[in-house]
Participant: 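To start, I am sharing the structure in question, which I have written as structure tokens.
Just the heavy atoms: all of them, side chains too, but no hydrogens, waters or symmetry mates, feed the values below. Below, chain A is the first sequence line, B the second, and so on; all start at residue 1. Everything numeric in this text was worked out from a predicted model, so none of it was measured.
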Amino acid sequence: MKYLPLVLGALFRKKWRTFLALLSLMLAFLLLGLGQAVNSLVEGGAEFLGVDRLITQARTSFTQPLPLRLLPRIEAVPGVKRVGWSQFFGGVYQDPRNFFPQFAVDPTRLYDTYPEWILDPDAKRDFVATRNGAIAGRLLAEKYGWKVGDTIPLNSIIWQKRDGGNAWEWKLVGIFDGRDEAWQKRTTIMYLNFAHFDESRVPGAAGLAGVFVVRLSDPQAVDEVAARIDAQFENSPDETKTQSEQEFQIGFLRQIGDIAFIINAILGAAFFSILILTGFIMNQSVRERVPEFGVLKCLGFTDRTVLGLVLGEALALCLLGALLGIALAFAVTALLPADYPARIDGRVLVIAAISAVTLAVVVGLPPAWRAMHLKIVDALAGR
Amino acid sequence: MSALIEIRGLTKVYERGAQRIEVLHGIDLDIPEGDFVALMGPSGSGKTTLLNLIGGLDTLTDGSLKIDGERIDALSGAALAAWRANTVGFIFQSYNLMPVLNAQRNVELPLLLADMSARERATRAQVALELVGLSDRASHKPNELSGGQQQRVAIARALVSDPRILICDEPTGDLDRKTADEILRMLQSLNRDHGKTIVMVTHDPKAAEYARRTVHLDKGTLVDEAVH
Ligand SMILES: Nc1ncnc2c1ncn2[C@@H]1O[C@H](COP(=O)(O)OP(=O)(O)OP(=O)(O)O)[C@@H](O)[C@H]1O
Ligand SMILES: [Mg+2]
């Protein structure tokens, strides 16, 4: 601590240079913070899995909802046993951080297409009969302490109601579990009664089904049935893309993976250029001060103290830059609309601190080593 | 009584690649406690080299160097650094202050190495600045001070940890006559009134007159000596 004036003084000796280094460090750590926020958004993905199920989505993207009127033609395709549909609701519960997947579905078709879910018969009946009914997975209900009969308010980031608001209220009529361990782990989602959803949303959106979930009579016939469904709508305004549930999920994950890859690539590039720039600046700064290090050693500063001083400079620079960048990232995400589910959490502070310290050591060690090994008489003479 | 500084057969060789340059050839010199020695000689005769050796800044090639009975040439690394911090104060021709620190903090620098509270460091630095007549400039950075003032800050820094020996390499080399005389009077008073042992390299015969005696060095050998 007593060396702080010496360290800070050295750091701000050339103000424009330190400013430049701080600015670039700040931008790199801002990126780190924002990347972290986007990651948190991507983590809230949906999960589908099953061998005898197909997902029919719009050809362009699964985010493009298909109209409900395609239903009879899909049902008519040979090899199809039962068809349901699923519209992503995009609701937020109380706080933007409480982001879990909800899907608006037709209850009886859900039971038929997803026999993996276990729900007692009374609840099954109530879900069909209650127009604004909803059922929640066991893990989800436990997380928020929900009980059957509770009213669950959800703000949809996608769907507006007729009255123009996006605050929806759902009555919890049942809590479902998974058939086996794998499915029990997936009980973190919620299903909403499509009937109420469809009649309450803005009229322009009514009749949109989202994606169709197709249960097959013969699991071996996945590829043939998928091709037959897509052939039905070829050259129509509603061209489809039908995949097995696994493929659909892989596609979904791949998209997430792409985003993560891009973020990581940008972060990597940013940190690499920061490394070069800060390293150059530290080297330059130590080179200019060779006689000063000679004087310090002359006064009795040991080689190790000199090493520590230069490393301290690098550390102060990187930590300050990290602090500014992360503070800015928090400020930016705080400015996002309240219902936007991207948020920074405390984890980013740990990541940023580790990155800053690593950066400081990598960047500070070569010049610190050099300063440490300077011979006094040579350093005093500026050699 | 043995001398405070006792130099025997001191030889210094610089090796540059295959080249060996013998700069000092077997110097014998005794400097008693409380002495003020001016070291004179032509450029390149080895004055700075000898001074650096006495100050424990460089290692000698042959011979021995005892200060207060201790073989300084046997010390190295952290032990030598600690010895310097306790025993020697350095004053250079180009002042060598830290440009980013104000006068007060420059003077405090050597005290950072001691186990001392911030308040005590500040008090001691103020006393040292007062001694050199610069207490009103404590908050000035070196570039806000004249050459003479900077050299006085450097003297305060050299004195602050109360060393027995002051090592000065052309301390007035960059100063005008009047300012140089002020600095030299200050060194003389430190020698006479505070008992500091001073070794000072100078090219200026007038500066040498402030010392108690002058030692002449030529081509790495002591040639003659005069007591004032
Ligand atoms: N690090 C070094 N490597 C090689 N030779 C050196 C080194 N330092 C000094 N010398 C040589 O040693 C000789 C004495 O140098 P020194 O600096 O002691 O002279 P000086 O008497 O102080 O001269 P000046 O009056 O110009 O300051 C010179 O020839 C110089 O070139
Ligand atoms: Mg010299």
Side-chain angles (χ1 to χ4, degrees), chain A residues 1-19 21 281-282 284-314 316-317 320 369 371-383, chain B residues 12 14 16 23 48-49 51-53 55-59 76-102 104-118 120-122 141-143 154 157-158 160-161 163 167 169:
Chain A
M1 266 302 133
K2 59 186 178 182
Y3 296 118
L4 204 61
L6 202 56
V7 168
L8 292 184
L11 207 54
F12 289 98
R13 182 192 162 95
K14 291 257 164 91
K15 292 197 177 53
W16 66 267
R17 190 166 64 188
T18 304
F19 176 76
I281 284 175
M282 282 299 301
Q284 191 68 18
S285 147
V286 165
R287 192 181 311 238
E288 284 167 10
R289 286 181 292 148
V290 162
E292 289 178 33
F293 291 117
V295 173
L296 287 180
K297 290 187 179 193
C298 194
L299 295 179
F301 283 64
T302 61
D303 290 350
R304 277 176 53 191
T305 309
V306 169
L307 176 91
L309 284 175
V310 179
L311 277 181
E313 276 174 44
L317 184 70
L320 196 59
W369 194 258
M372 176 178 178
H373 288 285
L374 284 172
K375 283 186 66 186
I376 299 179
V377 285
D378 292 339
L380 283 176
R383 276 192 289 263
Chain B
K12 176 68 186 177
Y14 283 114
R16 237 195 241 139
V23 177
T48 297
T49 305
L51 204 63
N52 286 344
L53 287 168
L57 300 180
D58 205 354
T59 50
S76 65
L80 188 57
W83 175 82
R84 276 199 304 273
N86 290 324
T87 323
V88 199
F90 294 89
I91 298 159
F92 303 93
Q93 177 174 359
S94 47
Y95 327 128
N96 280 344
L97 300 174
M98 293 283 149
V100 295
L101 301 180
N102 65 24
Q104 167 87 19
R105 291 223 186 264
N106 261 293
V107 176
E108 281 183 28
L109 264 185
L111 301 179
L112 291 180
L113 302 167
D115 192 12
M116 197 179 280
S117 73
E120 192 174 350
R121 281 201 299 272
K141 294 257 179 80
N143 62 7
R157 181 177 69 184
V160 74
S161 43
I167 297 265
D169 197 347

Participant: In Å and rounded to the nearest 0.5 Å, what is the CG to CG distance from B:Leu111 to A:Leu299?
Facilitator: 10.0 Å
Participant: A:Gly9 and B:Val100: which non-hydrogen atoms are nearest, and at how many Å?
Facilitator: O-CG1, 3.3 Å
Participant: Can you tell me which portion of A:Phe301 sits under 4.5 Å from chain B's heavy atoms? Options are side chain, backbone, both or neither.
Facilitator: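 A:Phe301 touches chain B through backbone and side-chain heavy atoms alike.
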Participant: Determine whether A:Ile376 and B:Asn52 satisfy the following criterion, side-chain contact (heavy atoms from CB on, under 4.5 Å), listing intermediate values before the conclusion.
Facilitator: CA-CA 9 Å; A:Ile376 299 179; B:Asn52 286 344; over 6 Å; no
Participant: Write down the atom of A:Lys2, the atom of B:Ala114, and the distance for their closest heavy-atom approach.
Facilitator: NZ-O, 3.7 Å
Participant: To check you understand the geometry: which heavy-atom pair defines the closest contact between B:Ala85 and A:Gly300, and what is its length?
Facilitator: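 The answer is CB-CA, 4.1 Å.
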Participant: May I ask you to test the A:Val377-B:Thr48 pair for a side-chain heavy-atom distance under 4.5 Å?
Facilitator: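 The answer is no, as the side chains (C-beta and beyond) never meet within the 4.5 Å cut-off.
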Participant: In terms of heavy-atom contacts, does CZ of B:Arg105 have more than 12 from other residues, nucleotides or ligands at under 6.0 Å?
Facilitator: no
Participant: Between A:Val295 and B:Leu97, does the side-chain contact (heavy atoms from CB on, under 4.5 Å) criterion hold? Intermediate values first, please.
Facilitator: CA-CA 8 Å; A:Val295 173; B:Leu97 300 174; over 6 Å; no
Participant: Could you tell me which portion of B:Leu109 (side chain, backbone, both or neither) has an atom closer than 4.5 angstrom to a non-hydrogen atom of chain A?
Facilitator: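 Both backbone and side chain of B:Leu109 come within 4.5 Å of chain A.
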Participant: Count the heavy atoms of every other residue, nucleotide or ligand shown that sit under 6.0 Å from CZ of A:Phe19, and state whether that count exceeds 12.
Facilitator: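 For A:Phe19, atom CZ is not crowded (no more than 12 foreign heavy atoms under 6.0 Å).
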Participant: For B:Ala78, is it the side chain, the backbone, both, or neither that has a heavy atom closer than 4.5 Å to a heavy atom of chain A?
Facilitator: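 For B:Ala78, the contact with chain A is made by backbone and side chain together.
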Participant: Quick one: pull up CG in B:Asn96 and CG in A:Leu296 and give me the separation to the nearest 0.5 Å.
Facilitator: 10.5 Å
Participant: Report which part of A:Pro5 has an atom under 4.5 Å of a heavy atom belonging to chain B: side chain, backbone, both, or neither.
Facilitator: both
Participant: Looking at B:Pro163, B:Gly56, B:Pro99, B:Ala82, which has the largest count of heavy-atom pairs under 4.5 Å with chain A?
Facilitator: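 Counting heavy-atom pairs under 4.5 Å, the top option is B:Pro99.
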Participant: Does B:Arg84 use its side chain to pair, donor to acceptor, with the backbone of A:Lys297 at less than 3.5 Å?
Facilitator: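 Between the backbone of A:Lys297 and the side chain of B:Arg84 there is a qualifying donor-acceptor contact (under 3.5 Å).
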Participant: So which part of A:Leu6 gets closer than 4.5 Å to some heavy atom of chain B, the side chain, the backbone, both or neither?
Facilitator: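 When you check distances to chain B, atoms from both the backbone and side chain of A:Leu6 fall under 4.5 Å.
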Participant: So which part of B:Ala79 gets closer than 4.5 Å to some heavy atom of chain A, the side chain, the backbone, both or neither?
Facilitator: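 Neither part; nothing is under 4.5 Å.
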Participant: Rounded to the nearest 0.5 Å, how far does CG of B:Leu112 lie from OG1 of A:Thr305?
Facilitator: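 If we round to the nearest 0.5 Å, A:Thr305:OG1 and B:Leu112:CG are 10.0 Å apart.
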